[in-house]
**Student:** 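Structure incoming, see below.
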Amino acid sequence: MIMDVYIDESIHTRGNFIVLAAVCATKDNIEKAEKALDDCGFVTGRDEFKSSMKMSGNASARELRDRFQGILSECKIAVGICPVNERSNLMQLASALCETIAANGDLVDSTIYLDQGMTPQAVTIPPGWKMISGCDSKTVIGIQLADCSAHFISTMLLGELGLFNKMVPAGRVYPGDDGELELAWELWASIRYALASSLPIDEDSDDGMFEPTRKPYGLVLSENCDPAVTQAARHRLGTSWVGCIH
């Protein structure tokens with residue numbers, strides 16, 4: 001499959017973790033992201049999606065976030081997590097993530113794009129791949145998708161840690177439901193297929209029944225993560241449910 005890898009981070013001091021999101025996207029995914037920017041009134045190459053943008057009272061930013069959320073559901077996403085004090089080692093974490101992505105066997109000779117700001121390090125990458133560091137996210141649109149993805153996954157992790165508990169209308173996932181559900185869960189539901197590999201946790205049953213619990217497409221945790229962060233990450237991201245949730 002022809003997909004390139006775009007990597008960006010989201011830093012959260014209150015949880016003492018950094019999420020590194022590696023978004024594997026096709027040319028079509030990137031073209032959709034460029035169109036979303038244009039449709040929402042952003043000028044490609046000058047403007048960009050940033051997860052830090054103020055969303056309240058900013059309809060264009062909210063629409064772009066929602067469009068990116070839909071595009072991410074069509075990509076594949078691998079996740080790396082480390083403590084905040086390992087920020088200078090993010091290229092090493094990115095390297096480890098790319099090795100796990102390559103082990104899935106569906107990407108060949110991909111290009112890895114790293115957001116600018118990561119401390120340069122000597123790293124290894126899968127054979128046939130190439131890495132471009134110091135990329136400007138205004139021109140490398142895939143990094144904007146990675147920024148959005150890293151923010152979503154960080155929100156999920158903060159929810160697991162009990163540090164974030166925003167509620168949203170349940171109808172966003174279950175049409176017709178007038179109740180509420182946690183935003184962190186809604187975000188997971190929207191990108192769960194992107195987080196899943198093709199490998200089941202258990203083999204499909206002898207009677208041909210589909211096994212809906214999948215191994216992650218890529219999950220790398222620093223051994224120096226706080227135990228609570230490791231536990232939360234494994235609980236939320238260690239498996240992916242690809243069966244029906246309705």
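Since the model is a prediction, treat every value here as computed from it, not as a measurement.
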**Student:** Given 3.5 Å as the limit, does a donor-acceptor pair link the side chain of Arg214 with the main chain of Ser240, or not?
**Tutor:**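 Looks like no, no N/O pair under 3.5 Å.
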
**Student:** Identify, with sequence neighbours excluded, every residue that meets ring pair (Phe, Tyr, Trp, His ring centres under 6.0 Å) alongside Trp188.
**Tutor:**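 Only Trp185 meet the ring pair (Phe, Tyr, Trp, His ring centres under 6.0 Å) criterion with Trp188.
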
**Student:** Has Asp226 got a side-chain atom pairing as donor or acceptor with Pro83's backbone, closer than 3.5 angstrom?
**Tutor:**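 Absent.
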
**Student:** Got Asn224 and Glu86 here, is their nearest side-chain heavy-atom distance under 4.5 Å?
**Tutor:**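 Yes, their side chains come closer than 4.5 Å.
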
**Student:** Could you go step by step and tell me if Arg234 and Leu221 meet the side chain to side chain contact (heavy atoms under 4.5 Å, CB included) rule?
**Tutor:** CA-CA 9 Å; Arg234 292 197 183 283; Leu221 305 177; 3.8 Å; yes

**Student:** Would a hydrophobic clustering, with Ile, Leu, Val, Met, Phe, Trp and Tyr connected at side-chain separations under 4.5 Å, put Leu161 with Met167?
**Tutor:**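 Different hydrophobic clusters.
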
**Student:** Sequence neighbours left out, what passes side-chain contact (heavy atoms from CB on, under 4.5 Å) with Ala150? Give chain and number order.
**Tutor:**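 Expected list: Ser10, Val19, Ala21.
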
**Student:** State, with a plain yes or no, whether a side-chain heavy atom of Ile2 is found less than 4.5 Å away from one of Ser110.
**Tutor:**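 No; the side chains remain at least 4.5 Å from each other.
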
**Student:** Just jot down the ring pair (Phe, Tyr, Trp, His ring centres under 6.0 Å) partners of Phe152, sequence neighbours excluded, or say none.
**Tutor:**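 Ring pair (Phe, Tyr, Trp, His ring centres under 6.0 Å) list for Phe152, sorted by chain: empty.
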
**Student:** Checking side chain to side chain contact (heavy atoms under 4.5 Å, CB included) for the pair Val168/Leu181: CA distance, chi angles, key distance, verdict?
**Tutor:** CA-CA 6 Å; Val168 296; Leu181 50 77; 3.6 Å; yes

**Student:** Measure the CG-CG distance between Asp8 and Asp115 for me, rounded to the nearest 0.5 Å.
**Tutor:**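 Answer rounded to 0.5 Å: 4.0 Å.
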
**Student:** Report the residues that fulfil side chain to side chain donor-acceptor pair (under 3.5 Å) with Ser190, sequence neighbours left out, ordered by chain and then residue number.
**Tutor:**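 So Ser190 forms a side chain to side chain donor-acceptor pair (under 3.5 Å) with Gln69.
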
**Student:** Got a sec, which residues hit ring pair (Phe, Tyr, Trp, His ring centres under 6.0 Å) with His12, two or more places apart in sequence or on another chain?
**Tutor:**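 If we apply the ring pair (Phe, Tyr, Trp, His ring centres under 6.0 Å) test to His12, skipping adjacent residues, the hits are Phe17.
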
**Student:** For residues Leu219 and Thr100, determine if any side-chain heavy atom of one lies less than 4.5 Å from a side-chain heavy atom of the other.
**Tutor:**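 Contact flag for Leu219/Thr100 side chains = no.
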
**Student:** Give every residue pair that meets the salt bridge (charged side-chain N to carboxylate O under 4.0 Å, His left out) criterion with at least one member in residues 153-165, sequence neighbours excluded.
**Tutor:**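 Only Glu160-Arg236 qualify under salt bridge (charged side-chain N to carboxylate O under 4.0 Å, His left out).
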
**Student:** Side-chain contact, heavy-atom cut-off 4.5 Å: Cys148 with Phe49?
**Tutor:**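 When only atoms from C-beta onward are counted, Phe49 and Cys148 do touch, with a gap below 4.5 Å.
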
**Student:** One pair to check against side chain to side chain contact (heavy atoms under 4.5 Å, CB included): Leu90 and Cys82. What are the steps and the verdict?
**Tutor:** CA-CA 8 Å; Leu90 288 180; Cys82 67; 3.9 Å; yes

**Student:** For atom CD of Glu180, decide whether the heavy atoms of other residues, nucleotides or ligands shown that lie under 6.0 angstrom number more than 12.
**Tutor:**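 Enclosed.
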
**Student:** May I have all residue pairs that pass salt bridge (charged side-chain N to carboxylate O under 4.0 Å, His left out) and include part of residues 215-225, sequence neighbours excluded?
**Tutor:**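 Qualifying pairs: none.
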
**Student:** Could you tell me the separation between the CG atom of Asn58 and the CD atom of Glu63, rounded to the nearest 0.5 Å?
**Tutor:**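 Atom-to-atom, Asn58:CG and Glu63:CD are 10.5 Å apart.
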
**Student:** If I take atom CZ from residue Phe164 and atom CG from residue Leu183, how far apart are they, to the nearest 0.5 angstrom?
**Tutor:**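 If we round to the nearest 0.5 Å, Phe164:CZ and Leu183:CG are 5.0 Å apart.
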
**Student:** Let me check something: any side-chain donor-acceptor pairs from residues 128-138 under 3.5 Å, sequence neighbours excluded? List them with distances.
**Tutor:**
residue, atom, partner, partner atom, Å
Asp136, OD1, Lys138, N, 3.0
Ser137, OG, Glu48, OE1, 2.4

**Student:** When you compare the side chain of Thr111 with that of Val5, does any pair of heavy atoms fall below 4.5 Å?
**Tutor:**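 Side-chain contact under 4.5 Å: no.
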
**Student:** Please name all residues satisfying side-chain contact (heavy atoms from CB on, under 4.5 Å) with Ile11, sequence neighbours left out, ordered by chain then number.
**Tutor:**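 Per chain and number, Ile11 pairs via side-chain contact (heavy atoms from CB on, under 4.5 Å) with Glu9, Ile18, Val84, Arg87.
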
**Student:** Report whether Val108 and Tyr6 are members of the same hydrophobic cluster (ILVMFWY, side-chain heavy atoms less than 4.5 Å apart, transitive linking).
**Tutor:**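 Cluster IDs for Val108 and Tyr6 differ.
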
**Student:** Taking atom NZ of Lys32 and atom CG of Leu37, what is their separation to the nearest 0.5 Å?
**Tutor:**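 It is 14.5 Å, given to the nearest 0.5 Å.
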
**Student:** Got a second to check how far Lys76's NZ is from Leu195's CG, nearest 0.5 Å?
**Tutor:**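 If we round to the nearest 0.5 Å, Lys76:NZ and Leu195:CG are 8.0 Å apart.
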
**Student:** Name all residues meeting the side-chain contact (heavy atoms from CB on, under 4.5 Å) criterion together with Thr26; count only those two or more places apart in sequence or in a different chain, and write none if there are none.
**Tutor:**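 Partners of Thr26 by the side-chain contact (heavy atoms from CB on, under 4.5 Å) criterion, ordered by chain and then number, come out as Met3, Asp28, Asn29.
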
**Student:** Run the side chain to side chain contact (heavy atoms under 4.5 Å, CB included) test on Ile77 and Cys24 for me, step by step, so that the C-alpha distance in whole Å, both residues' side-chain angles and the decisive distance to 0.1 Å come before the verdict.
**Tutor:** CA-CA 6 Å; Ile77 302 172; Cys24 306; over 6 Å; no

**Student:** Flag the pair Ile81 / Leu20 as yes when at least one side-chain heavy-atom distance between them is below 4.5 Å, and no otherwise.
**Tutor:**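 No, side chains not in contact.
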
**Student:** Would Leu199 end up clustered with Leu237 when hydrophobic side chains under 4.5 Å apart are linked, directly or stepwise?
**Tutor:**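 Different hydrophobic clusters.
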
**Student:** Determine whether Ile112 and Ile125 make a side-chain contact, defined as any pair of heavy atoms from C-beta on separated by less than 4.5 Å.
**Tutor:**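 In short, these two side chains touch, coming nearer than 4.5 Å.
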
**Student:** Testing the 3.5 Å rule here: is there a donor-acceptor pair between the side chains of Ser51 and Asp147?
**Tutor:**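 Ser51 vs Asp147: donor-acceptor pair found between side chains.
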
**Student:** What side-chain donor-acceptor pairs closer than 3.5 Å can you find for residues 117-124, not counting sequence neighbours?
**Tutor:**
residue, atom, partner, partner atom, Å
Gln121, OE1, Met91, N, 3.4
Gln121, OE1, Gln92, N, 3.2
Gln121, NE2, Asn89, OD1, 3.1

**Student:** Looking at residues at least two apart in the chain, or sitting in another chain, which of them share a side-chain contact (heavy atoms from CB on, under 4.5 Å) with Asp38?
**Tutor:**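 Scan of Asp38 (side-chain contact (heavy atoms from CB on, under 4.5 Å), adjacent residues dropped) gives Thr44.
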
**Student:** Rounded to the nearest 0.5 Å, how far apart are CG of Leu145 and CD1 of Ile30?
**Tutor:**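 Between atom CG of Leu145 and atom CD1 of Ile30 there are 5.5 Å.
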
